[in-house]
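One structure is given below, encoded as structure tokens.
Below, chains carry the letters A, B, ... as their sequence lines are ordered, and counting in each starts from 1. Treat the numbers as computed from the prediction; the structure is a model and nothing was measured.
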Amino acid sequence: MKKYDHKKIEKKWQGEWERSHIYKTGAPAAKKPKFYILDMFPYPSGEGLHVGHPKGYIATDIVSRMKRMQGYNVLHPMGFDAFGLPAENYALKTKTNPRIAVAKNVKRYKKQLEIIGFDYDWSREVNTTDPKYYKWTQWIFLKLLEKGLAYESYEPINWCPSCKTGLANEDVVDGRCERCNTPVEKKPMRQWVLRITKYADRLLEDLDAKESDVPLIKRTIGSDKVRADLPFQERHAIVSIVKHWSEDKYLCSRYKKNDWQGFITGGVEEGEDIGKTAVREVAEESGYESARFVRTFGRVDSQFYHEVKNVNRFAHFTGVYLELADGKRNEPAEEEKALADVVWLSKEEVGKFLNREDMKYLWDLFTGKKKQEGEKPLLEWPESIKEAQRNWIGRSEGAEINFSLKVGGKERSEKLTVFTTRPDTLFGVTYVVVAPEHAFVTELLKHKENLKNHDDVVKYVASARVMTEIERTDAKKDKTGVKLEGVAAVNPANGEEVPVYVADYVLADYGTGAVMAVPAHDERDYAFAKRFGLKIVEVVLGGDVSKEAYIGSGKLANSGEFSGSDSESSKKAITKSVGGEWVVKYKLKDWVFSRQRYWGEPIPVLHDGTAVIPVSEKDLPVELPNVKSYEPTGTGESPLAGIAKWVNVKVGRGKDAKIVKRETNTMPQWAGSSWYYLRFMDPKNPKKLVDPKAEKYWNQVDFYVGGAEHATRHLIYARFWHKFLYDIGAISTKEPFKKLQSVGLIMGEDGRKMSKRFGNVVNPDDIVSVYGADTLRVYEMFMGPFDQAIAWSTSGIVGSRRFLERVWNMREKVASNETEEASFPKQADVLLNKTIKKVSEDMAALRHNTAVSSLMILSNEFEKAPSVPRAAYEALLKLLAPLAPHMAEELWRSLGNKKSIHVSTWPKADESKLVEESVTIVVQVNGKVRGSFEASKNAAKDDLEKAALGLDEVKKWTEGKEIRKIIVVPGKLVSIVVS
RNA sequence: GGGCACGUGGCGGAAUUGGUAUACGCGCCGGUCUUAGGAACCGGUUCCUUACGGAUUGAGAGUUCGAGUCUCUCCGUGCCCACCA
């Protein structure tokens, strides 16, 4: 065998794999199980890749290759997210058309990826800047608009004066523009906003949902068309299995209008529990009055309503078991009789009678033939990412309480509503604060006579408006504010009049924009009160609500309303007592969706001066035109506004013809990436975003790998769009990414982030050239736990290279005859089987570091043997194939194999060889290891105890001492306690 | 200030449910080969101790026959969020 020449073999096999299309994803087919593994697609910046970028791609490539060998139809695609500021700024800097720059960068990225030897099916490549792609991004926008989830707003938004564009809340980090670090300003302007807050509760709840909370059976009989003219609804419902009063017979229902045969079903109405619903439905549909609720037995979700009642409903059915006390029966309602017949059937007959998957499934649950599935979590995500999303969504419950207002001593009709999580401190309120942007302030300032210090207030409000986010939200700065002279608020708990202040420490866009200040129990209020010399009143003693204060006030009838020590229910009781409302608030804000920049998807609407006219679907895509200057205008309009020819559109014919203007704002970078994973399922479809058949087959992304920095942007936006697409029936799953894993950064050798600025960037091309792609792959995986940030070490990489060379040189030791084969030690064979098991498990869980380690141990063991049987060597190569695809292929073919190792069958561990009959038993005396001995795996406790006490090393420590206790763990250890 | 994660040799890091801590790799030390250097290969390598032995998973406590692993307190590091009422 020649020396290991990585340059030659890597080039050779990359060419060969491309020619033979071995990585082409199969068409949706039921024959093979599917596996969809996805990397977060990159945006192709001008800088190219450094060694940190491919880390995640290598990890998914390994899983993808293993799954392929395990017989899965693998979807492992790659594409480019090329709209947005980075690409545009790069284009501006280099004075090239972004289209040209993007094409160039994409080409470079692909080349860099190719030399690492990934198994991407490039025939499915998507690019968010391709009109054929963004046609569907625009289509989704139109749907959002149609459903009232996209709206125009004129509220002040975050504005980056350097990028000259509005930003979403998510794009602002510490008050600065996430891209260019410029302090963000507040600027009122017209903008498009997506109502993501409407999904806040679902985005939150599904983080902790179980699989059983989503539809278990997705099959529908007949048409699977969702009626776009009807709203989509979900509801709770029941399926009742009713047993006859004396015989072993069950009540079934046969629909007259279609072939639907099952049990009595019905929706749970308001105020009902499941048992009540079942009894009522049975009485209505069958006429039997005396049904008794016995128990529930499981659940299934089905589109029953969709089919029978022709509405868009996805019902979550709970199975309810009922027994009839007697045969008392009324005539069922005429309406029900027309719809269905009821019949009594024996257990055997029921099995045959049922003709629907969902009903059969419930029957199997009832008879015990099947067990309820789906108790696994809906999302297998790292807890840290889930937690980041929970914090971002920021749900909090509290009270909205109305304070009456007096201006110039006169009571006003409108009230000031404050939001508080601590209504129990209502008696400690000494003033009320409103945000400078609050509508009440604006209203008040309209009439000079309202305020004695009108001019001061105007000044303060104006100064708050021009401050940057950083200046305003710096927690360290002294609290500022101004009193509304002549205005008082009335505390609804005790009728006390308190002053009202305007202060910028109250945020306009959280809660109601007004707070009741309790300086004794809130740090911020305390700081403000100290500064302005305001009263401080304590109400809470030792953390408990001072009940007497409330009871004494006469607002609460008796202490019983506190419901014991439950602080939440007492808070609710207090809220109620002052006429307030218990509400849920979220920190999550609606998604500012328009950018005043060139390089993005045009928002597909027209303006006729008064109204917004959506571009009709057939006119999509609205293509991004070429312009002379890409420079942002800074006026709140995008450079597109300068192209009269594009902006002015003639609509209508003849007399009705008129000129309308195109929307010139574009979409943010996050638009295209919010749904790209769906397009990979069916990347070329000109008629649909994704074909339902392909969508049902590929279902969800099984495994998604990428940077944790996307926790609160990409991953929330994508979940939002996905849920929306689910609601309009475009897709069939509730969540886009089943399992998620985040990649840890690769730092520079100096421990700092890899950056041109620090001069610590390592280019993968150089590493591939010197050590080979296979070595790079093995090393990056071997470095440490996948999700951890670890510093690059070029000296450490030689260990991975040496390991590969050892496997390469082992080729000469492959046995050529039976005698040689027989010389292979048994323990090496046992280790091989153990390693097969471990590597399979480790790779599936992205524990590639320990997979590599166990392969090293295995090859060290093989090296000790005089020769290695071909089968054993081939198994080693197969295990190595995902990690070092080129070398494994070369060695595999050198053994005479004709087909690629990457389409061979993954080895299976021989379970019988995993069981060792002899094990080492450790003996501890007073917790310290004093000896060990070999024993049969199934040795009895008594024998182990005897053997342990008989050991010389053990005797030494037990002699002359009283043995107090002996603990024997069979197959593991004997622990002796002496006094 | 809040949340989450983590803390193991000179370094990167291993350690199913509590059951022989330091696997694997780097580095280092010694050896073989070589004119030499390097490469490759072989052996050694947690610390203290000549040894017997002892100590050791950030510190301290607890539960247990037994704790890197579970509980509590503290210290430190990293990430995310933050005038969110």
What nucleic acid atoms does [X] come within less than 4.0 Å of, heavy atoms only: base, sugar-phosphate, or nothing?
X	result
A/K928	sugar-phosphate
A/K965	sugar-phosphate
A/V506	base
A/R930	sugar-phosphate
A/L973	base
A/E387	sugar-phosphate
A/P785	sugar-phosphate
A/V977	sugar-phosphate
A/E383	nothing
A/W381	nothing

In whole Å, what is the span from the [atom1] atom of [X] to the [atom2] atom of [N]?
X	N	atom1	atom2	answer
A/W957	B/G54	CH2	C1'	10 Å
A/L745	B/G12	CG	P	17 Å
A/E170	B/C81	CD	C1'	13 Å
A/F786	B/A5	CZ	C1'	17 Å
A/E709	B/C81	CD	P	11 Å
A/E749	B/C11	CD	C1'	12 Å
A/L858	B/A14	CG	P	20 Å
A/F419	B/C83	CZ	C1'	15 Å

Pairwise [atom1] distance for [N] and [M], with rounding to whole Å:
N	M	atom1	answer
B/C41	B/U56	C1'	34 Å
B/U22	B/G44	P	15 Å
B/U73	B/G2	P	14 Å
B/A14	B/G7	C1'	16 Å
B/U57	B/U20	P	16 Å
B/G66	B/G76	P	32 Å
B/G19	B/G68	C1'	13 Å
B/C81	B/C72	C1'	27 Å

What's the separation between atom [atom1] in [X] and atom [atom2] in [Y], rounded to the nearest 0.5 Å?
X	Y	atom1	atom2	value
A/L715	A/H710	CG	NE2	8.0 Å
A/E780	A/I767	CD	CD1	9.0 Å
A/R390	A/L203	CZ	CG	13.0 Å

Nearest-neighbour nucleotide for the [X] side chain, [options] considered:
X	options	value
A/I967	B/C81, B/C65, B/A85	B/C65
A/W392	B/G12, B/A82, B/G54	B/A82
A/V929	B/U20, B/G13, B/G3	B/U20
A/N391	B/A85, B/G3, B/C83	B/G3

Report the C-alpha distance between A/K3 and A/E805 in whole Å, list the side-chain angles of each, state the deciding distance to 0.1 Å, and finish with yes or no for salt bridge (Lys or Arg N to Asp or Glu O under 4.0 Å). CA-CA 9 Å; A/K3 215 176 143 244; A/E805 278 178 1; 5.8 Å; no
Across all strands, who's sitting opposite [N] as a Watson-Crick or G-U wobble pair, both distances under 3.5 Å?
N	answer
B/U57	none
B/C70	B/G62
B/U35	none
B/G78	B/C4

Checklist entry - With side chains defined as the heavy atoms from C-beta onward, is the minimum distance between A/I716 and A/W392 less than 4.5 Å? => result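 Of all side-chain heavy-atom pairs linking A/W392 with A/I716, at least one is under 4.5 Å.
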### Query
Under a 4.0 Å heavy-atom cut-off, which of residues 509-518 of chain A touch RNA chain B?
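Here the set is A/Y510, A/V515.
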Determine whether any donor atom in the side chain of [X] lies under 3.5 Å from an acceptor atom in the base of [N], or the reverse, and answer yes or no.
X	N	result
A/K587	B/C81	no
A/K972	B/U16	no
A/Q924	B/G19	yes

Tell me, please, whether A/F758 has A/R752 positioned over its six-membered ring: NZ or CZ under 6.0 Å from the ring centre and within 45 degrees of its axis? yes
- Item | Within 45° cone and under 6.0 Å: A/K739 NZ/CZ vs A/Y704 ring |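 Verdict for A/Y704: no cation-pi partner in A/K739.
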Nucleotide by nucleotide, nucleotides 22-28 of chain B touches protein heavy atoms under 4.0 Å in the pattern (B base, S sugar-phosphate only, - none) -BBSSS-
[X]/[Y] ion pair, N-O < 4.0 Å:
X	Y	value
A/K813	A/E863	no
A/K585	A/E400	yes
A/E861	A/K864	yes

*Tell me, with the steps shown, if A/R422 and A/D424 meet salt bridge (Lys or Arg N to Asp or Glu O under 4.0 Å).*
CA-CA 5 Å; A/R422 299 291 307 275; A/D424 50 320; 3.0 Å; yes
> Quick one: on RNA chain B, does A/T712 or A/A789 contact a more 5' nucleotide (nearest heavy atom)?
Replying inline: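 Looking at the nearest nucleotide for each, A/A789 comes out on the 5' side.
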Set of residues satisfying side-chain hydrogen bond (donor to acceptor under 3.5 Å, both in side chains) with respect to A/T197, sequence neighbours excluded
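Residues passing side-chain hydrogen bond (donor to acceptor under 3.5 Å, both in side chains) with A/T197: A/D590.
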Worked verdict on A/E397 versus A/R395 for salt bridge (Lys or Arg N to Asp or Glu O under 4.0 Å):
CA-CA 7 Å; A/E397 283 187 29; A/R395 181 185 199 274; 3.0 Å; yes
Per the O4'-C1'-N9-C4 / O4'-C1'-N1-C2 angle with a 90° window around 0, B/G10 comes out anti
